[in-house]
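We use all heavy atoms of the structure for the numbers below, so side chains are in, but hydrogens, waters and symmetry mates are not.
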Amino acid sequence: MSRDHAPRRIASLQPSATVILSALGELDRVVACTKYCADVVPEVANSSCAILADSWTASAEEIIAVHPDLVIAAVPYQEKAVGEILKAGARFLGLAPKTLADIYTDIATIAGIVAAGDRGEQIIASMQDRIEQIRGRTDSSSRPRVFCEEWGNPLISSQAWVAELVEAAGGKFVAQAGQQISDTAVASLDPEVIVAAWCGAGDRVPLEKIVSRRGWQQTTAARTGRVFCIRDEFLNTPAPTLLIGLDALAHAIHPELFPSTKGIRRITTVPISPLADSPA
């Protein structure tokens, strides 16, 4: 698309879209985003960009008020709001990635829309190269069993793109990606590494409490202290930010190969299981 025809006023209700636009060097087009976008792209908080509610609760009225010519959001999205946005003359782009391939497609799509196709291809290639570099360093290593969760109540395992990153980092993802699972089912899988990255929680997951309350004290991960919190935005934002999450996963899974990095926190004390105190 010619830059003359590219949207000039974008309302981004999806943090991944804001990250992608930033990576493309097109952040000046963003006239509105959410507080969660500001968590991953802090510079928008210091700009004239309007900060709206999240993708699920932002009203059509407040979106239309910034006069966007393009609105980007996650789907499923509010059907009524989409209709009102389209009636106001703005275009709507809904994103629903599941895999790394989907994420690359989203990057290419947004890059094409803002007439930055070449830069988009460079970002995709850079992500792919980095993932393959990590994979190459773990090819001959053991593959610990890894459980990653994106939500704690109900317990939901991380998305398919996280499972792909776990495999690239030398682990074996042991649950069905993006699905609800019970505490006992996870315990029966006996993960050697547990990673919690709750949507919207940043790095505030209470690791000691979840191990205790779920009865996970006897899992290999808990007994060896390999229970981690990785910042939500580094694993749950389907954008180039995932490379930071990949580095954190690589350290959690293979600390002998990869140094600690930002965005990761390890459990400090493992609650004693009642089973450990029972007579033999």
Side-chain angles (χ1 to χ4, degrees), residues 7 9-59 62-63 66 68 70-78 81-82 85 92-100 102-111 113-114 116 120 123-124 127 148-151 156 158-162 165 178 196-205 229-249 262-264:
R9 299 181 61 82
I10 299 175
S12 175
L13 306 185
Q14 179 67 0
S16 62
T18 305
V19 171
I20 292 167
L21 287 164
S22 178
L24 290 168
E26 300 290 340
L27 201 57
D28 59 339
R29 297 178 185 271
V30 179
V31 295
C33 66
T34 76
K35 61 181 180 180
Y36 298 110
C37 295
D39 287 340
V40 286
V41 187
E43 52 264 44
V44 299
N46 300 317
S47 69
S48 59
C49 180
I51 304 298
L52 307 179
D54 60 67
S55 185
W56 305 106
T57 60
S59 68
E62 64 179 330
I63 296 169
V66 300
L70 173 66
V71 176
I72 306 177
V75 293
Y77 186 62
Q78 309 166 56
V82 172
I85 289 166
F92 181 87
L93 173 63
L95 305 178
K98 300 295 184 185
T99 66
L100 288 175
D102 294 337
I103 294 168
Y104 301 146
T105 297
D106 286 350
I107 294 171
T109 298
I110 293 173
I113 288 173
V114 298
I123 292 169
I124 294 167
M127 289 182 67
C148 291
E149 61 183 76
E150 73 169 24
W151 195 242
I156 299 175
S158 295
Q159 294 298 317
W161 69 72
V162 177
L165 294 179
W198 292 357
C199 293
D203 62 356
R204 300 182 300 276
V205 179
C229 171
I230 294 178
R231 288 192 67 91
D232 157 49
E233 56 265 36
F234 296 154
L235 282 186
N236 298 330
T237 305
T241 327
L242 288 176
L243 295 181
I244 303 173
L246 174 62
D247 287 341
L249 283 172
K262 69 177 181 178
I264 185 169

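Scanning both residues, A11 and V31, for their nearest heavy atoms gives N-CG2, 4.5 Å. Nearest heavy atom pair, residue A111 against residue G120, reads CB-CA, 3.7 Å. Shortest non-hydrogen contact noted between V44 and A38 is CG2-CA, 3.7 Å.
Partner of L93 under the side-chain contact (heavy atoms from CB on, under 4.5 Å) criterion, out of I113, I10, D106, V71: I113 alone. Each of L235, V162, I156 was checked for a side-chain contact (heavy atoms from CB on, under 4.5 Å) with E150, and the lone residue meeting it is I156. If you run side-chain contact (heavy atoms from CB on, under 4.5 Å) between L95 and each of I110, T109, D102, only I110 comes through.
Proximity of V114 to R29: side-chain heavy atoms (C-beta onward) are separated by under 4.5 Å at one or more points. Using a 4.5 Å heavy-atom threshold, the side chains of E43 and S22 count as touching. Side-chain contact between T241 and F234 is present, with heavy atoms from C-beta onward closer than 4.5 Å. Under the 4.5 Å side-chain criterion, counting only non-hydrogen atoms from C-beta, V205 is not in contact with I230.
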| task | List the steps and the verdict of side-chain contact (heavy atoms from CB on, under 4.5 Å) for I63 and L13. | result | CA-CA 9 Å; I63 296 169; L13 306 185; 3.6 Å; yes

| task | Apply side-chain contact (heavy atoms from CB on, under 4.5 Å) to T18 and I72, showing your working. | result | CA-CA 9 Å; T18 305; I72 306 177; over 6 Å; no

| Can C148 and L249 be said to form a side-chain contact (heavy atoms from CB on, under 4.5 Å), step by step? | CA-CA 10 Å; C148 291; L249 283 172; 4.2 Å; yes

| request: Show the numbers, then the answer: is there a side-chain contact (heavy atoms from CB on, under 4.5 Å) between W198 and D232? | output: CA-CA 6 Å; W198 292 357; D232 157 49; 6.0 Å; no

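Here the straight-line distance linking atom OG1 of T99 with atom OH of Y104 works out to 9.0 Å at 0.5 Å rounding. Interatomic distance, SG of C37 versus CG of L27, reported as 9.5 Å (0.5 Å rounding). To the nearest 0.5 Å, atom CD of residue E233 and atom OH of residue Y36 are 11.5 Å apart. Separation of atoms SG (C33) and CG (L52) is listed at 7.5 Å; rounding is to 0.5 Å. Between atom CG of residue D203 and atom CZ of residue R231 there is a gap of 4.5 Å, rounded to the nearest 0.5 Å. Atom CD1 in I107 sits 5.0 Å away from atom CE in M127 (nearest 0.5 Å).
T237 contributes no side-chain N or O that, together with a main-chain N or O of A239, makes up a donor-acceptor pair within less than 3.5 Å. Looking at N236, its side chain does come within 3.5 Å of a backbone N or O of A197 through a donor-acceptor pair.
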